[in-house]
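Naming convention: chains lettered A, B, ... in sequence-line order (proteins, then strands); numbering from 1 in each chain. Reckoned from all heavy atoms, side chains included, excluding hydrogens, waters and symmetry mates.
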Amino acid sequence: MIGLIDCNNFYVSCERVFNPKLENHPVGILSNNDGCVVARSNELKPFIPMGMPAFKIPSDLQEKITLLSSNYELYGDMSQRVFETVQNYFYHVELYSIDEAFIHLNGDQKTNNYCRYVQKIIKKNTGIPVSIGLSTTKTLAKIANHIAKKDKKHEGVFCLDIHGPDFRHILENLPISEIWGIGRRLNAKLIAMGIENAWQLKNCSPKFMQQHFSVVLERTVLELRGISCIELTDFHTPKKNIVASRSFGQSTNNLFDIEEAIRLHTCRAAEKLRKQHSITHAVLVFLRTNRFHDQSLQYNPSFAISMPYPTDDSREIIRAAQKGLRKIFRAEYHYHKAGIMLLDIIHKNQRQLDFFTHIQNDQSIKRNNSLMQVIDRINQQMGSHTILIGGQRKKARWHLKREQLSQRYTTRWDEILKLRI
DNA sequence: TCTGGGGTCCTAGGACCC
DNA sequence: TCTGGGGTCCTAGGACCC
């Protein structure tokens, strides 16, 4: 038996733990730069579709609801707390995203009751409400979870039995767009072929789907039939690419601004790189103009620079990134977003001493390593961006907009919740 | 005025090799 | 007239996810 445990309206729930006034009130969480609505409380869902740009929300509605900037430091820490509890109650847990994990259950556990029990413990330990869907494959567990959430009578736990009397009825009433792995494009193509609900898709020939679409859709069909064939890569396996990018608070064509942004993004990416004990062979720099301004000229260049030798040293990567930036920067465009991607990432121990690369001597490697370690430790303890490389103005025009940010209640002593008695 | 960010997997097609 | 065949590796782009 496979289960999917999913935190309800996760970002909103995190905010509510520390701000009970938000309970039973329509709340939305905005993406970076306070751009789009990326999470909604149940009370907000009837009024605002997912992903709606904040500026398009009518002002009379804005007055009745609460919109908050996203506070990823808080959500990341709360996620860790939830899944620490989950790991105590299920023998095999696969973390899938910040708010979801697949669980594997023993056949002899009285599953529904046991899941309800764990659900209560998670709520008690962390304040976060969760839903649990159970079935025989990951795709079906996702569907079960969807039902657990949607239909109040299940109280957040539902088991989808492929031999049960209502299995067909449930799948017939599920549009294919709700199935895990069916996105916008596939949905349109399948509907054009007359395949509209999950039951129809389940009855398609897997081989036909593989030939006309891909092995991915073939697997989905098999999973709907109860044949498990989707393996997940472990949440903790080191990343093969690391991206750091942000939109600017305001568009700019000033090279000095963009250099500053690229330095900051490169520092963030290099920190992630060191955290997973990896080194990178190359860095790709990219710029984007605003794609929503179709009347202005568009320019979305990118340029990859190979490192002279694989490294995790922020300074070396910044140097390469700045070189790449100067190759693609054109002052006649206004840029809306800039970022970098670390490519060809390998584990530190895989570093090959090859004949043609410039080899640093051991002493300088050691010295640079300790410098990076000190920077990481200080930033971890005293707040990210305490130590940065190169100049960083506090109020540059490209900085993110985060006007409604809550406190980092669980990770900063000076932002901890204060009680008055 | 204002429209997110960070990932993965798969496939097709080209380059290259013997 | 008629220009091999089979394999690997790499890359760009598409599609999807949360």
Inset, instruction - Could you tell me whether A:L30 contacts a base, only the sugar-phosphate backbone, or nothing, with contacts defined as non-hydrogen atoms closer than 4.0 Å? - result: nothing

Inset, instruction - Check for a donor-acceptor pair, side chain of A:Q200 on one end and backbone N or O of A:E196 on the other, with a separation under 3.5 Å. - result: yes

Inset, instruction - Please check the phosphate of B:dG7 (OP1 and OP2 only) for any side-chain N or O of A:K272 closer than 4.0 Å. - result: yes

Legend entry - Residue pair A:I2, A:H104: steps toward the side chain to side chain contact (heavy atoms under 4.5 Å, CB included) verdict: CA-CA 5 Å; A:I2 292 178; A:H104 297 255; 4.1 Å; yes

Inset, instruction - Give one of base, sugar-phosphate or nothing for A:K239, where a contact means two heavy atoms less than 4.0 Å apart. - result: sugar-phosphate

Inset, instruction - State whether A:R219 and A:E223 are salt-bridged, where the test is any N-O pair (Lys NZ or Arg NE/NH1/NH2 against Asp/Glu carboxylate O) under 4.0 Å. - result: no

Inset, instruction - Answer with base, sugar-phosphate or nothing: what part of the nucleic acid does A:E100 contact at a heavy-atom distance below 4.0 Å? - result: sugar-phosphate

Legend entry - A:S97 vs C:dC17: side-chain N/O to OP1/OP2 distance below 4.0 Å: no

Inset, instruction - Could you tell me the separation between the OH atom of A:Y96 and the C1' atom of C:dC17, rounded to a whole number of Å? - result: 4 Å

Inset, instruction - Please list, by residue number, the residues of residues 41-63 of chain A whose heavy atoms come closer than 4.0 Å to an atom of DNA chain B; answer none if no residue qualifies. - result: A:P53, A:F55

Inset, instruction - Respond yes when some side-chain nitrogen or oxygen of A:H336 is under 4.0 Å from OP1 or OP2 of B:dT3, and no when none is. - result: yes

Inset, instruction - Check the angle between the aromatic planes of A:F329 and A:Y335 and answer parallel, tilted or perpendicular using the 30° and 60° thresholds. - result: tilted

Legend entry - Candidate nucleotides B:dT8, B:dG6, B:dG4, ranked by approach to the side chain of A:N241 - the nearest: B:dT8

Inset, instruction - Please name the pair of heavy atoms, one in A:I179 and one in A:T139, separated by the smallest distance, quoted to 0.1 Å. - result: CG2-CG2, 3.9 Å

Legend entry - Phosphate OP1/OP2 of B:dG5 contacted by A:K337 side-chain N/O (<4.0 Å): yes

Kindly list each side-chain donor-acceptor pair under 3.5 angstrom involving residues 47-67 of chain A, sequence neighbours excluded, with atom names and distances?
| from | atom 1 | to | atom 2 | distance (Å) |
| --- | --- | --- | --- | --- |
| A:Q62 | NE2 | A:A54 | O | 3.3 |
| A:Q62 | NE2 | A:I57 | O | 3.2 |
| A:T66 | OG1 | A:H25 | NE2 | 2.8 |

Inset, instruction - Look at the side-chain N and O atoms of A:H293 and state whether any lies under 4.0 Å from the OP1 or OP2 oxygen of B:dT3. - result: no

Inset, instruction - Round to a whole Å and report the spacing from OH of A:Y72 to P of B:dG7. - result: 13 Å

Inset, instruction - Using the C1' atom on both, measure C:dC17 against B:dG4 and round to a whole Å. - result: 15 Å

Inset, instruction - Let me know the distance between CG of A:L232 and C1' of B:dT8, rounded to the nearest Å. - result: 11 Å

Legend entry - Distance, rounded to the nearest Å, where A:E223 contributes CD and C:dC16 contributes P: 17 Å

Inset, instruction - Measure the distance from CD1 on A:I98 to P on C:dC17 and round it to the nearest whole Å. - result: 19 Å

Inset, instruction - Quick one: the dot-bracket string of DNA chain C, using Watson-Crick and G-U wobble pairs with both distances under 3.5 Å, [ ] for crossing pairs and | for bases paired to another strand. - result: ....||||||||||||||

Inset, instruction - Quick one: do A:N173 and A:N197 satisfy side-chain hydrogen bond (donor to acceptor under 3.5 Å, both in side chains)? Show the steps, please. - result: CA-CA 7 Å; A:N173 283 287; A:N197 64 55; over 6 Å; no

Inset, instruction - For A:I179, report the nucleic acid contact type (base, sugar-phosphate, nothing); a contact means any heavy atom under 4.0 Å. - result: sugar-phosphate

Legend entry - Contacts of A:D77 that satisfy salt bridge (Lys or Arg N to Asp or Glu O under 4.0 Å) - sequence neighbours left out: A:R81

Legend entry - Between B:dT1 (P) and A:E403 (CD): distance, integer Å: 17 Å

Inset, instruction - Quick one, give me the B/S/- string for nucleotides 9-15 of chain C, reading 5' to 3', where B means a protein heavy atom under 4.0 Å from the base and S means that only happens at the primed atoms, P, OP1 or OP2. - result: ------S

Inset, instruction - Determine the contact category for A:R268: base if any of its heavy atoms lies under 4.0 Å from a base atom, sugar-phosphate if only primed atoms, P, OP1 or OP2 are that close, otherwise nothing. - result: sugar-phosphate

Inset, instruction - Could you tell me whether A:K149 and A:E155 make a salt bridge, using a distance below 4.0 angstrom between a side-chain N and a carboxylate O? - result: no

Inset, instruction - Using whole Å, report how far NZ of A:K138 lies from P of C:dC18. - result: 14 Å

Inset, instruction - Please confirm whether the backbone N or O of A:K123 pairs with a side-chain atom of A:T126, one donor and one acceptor, at under 3.5 Å? - result: no

Inset, instruction - Assign A:R288 to base, sugar-phosphate, or nothing according to its heavy-atom contacts below 4.0 angstrom with the strands shown. - result: nothing

Legend entry - Passing candidate, side chain to side chain donor-acceptor pair (under 3.5 Å) with A:T289, options A:K337, A:Q298, A:H334: A:Q298

Inset, instruction - Classify the nucleic acid contact of A:N32 as base, sugar-phosphate or nothing, counting any heavy atom under 4.0 Å across all strands shown. - result: sugar-phosphate

Legend entry - Presence of salt bridge, A:D34 and A:R402, under 4.0 angstrom: no

Inset, instruction - Could you state the atom-to-atom distance from OH of A:Y11 to C1' of C:dC18 in whole Å? - result: 7 Å

Legend entry - Nearest listed nucleotide, side chain of A:V38, among C:dC17, B:dG4, B:dG7: B:dG4

Inset, instruction - Scan A:D414, A:T410, A:I416 and name whichever one has a side-chain contact (heavy atoms from CB on, under 4.5 Å) with A:R412. - result: A:D414

Legend entry - A:S247 side-chain N/O to B:dG5 phosphate OP1/OP2 under 4.0 Å: yes

Please list every donor-acceptor pair under 3.5 Å in which a side-chain atom of residues 183-190 of chain A meets a protein atom from a residue at least two apart or in another chain.
none

Legend entry - 5'-most by nearest nucleotide on DNA chain B - A:P238 or A:S214: A:P238

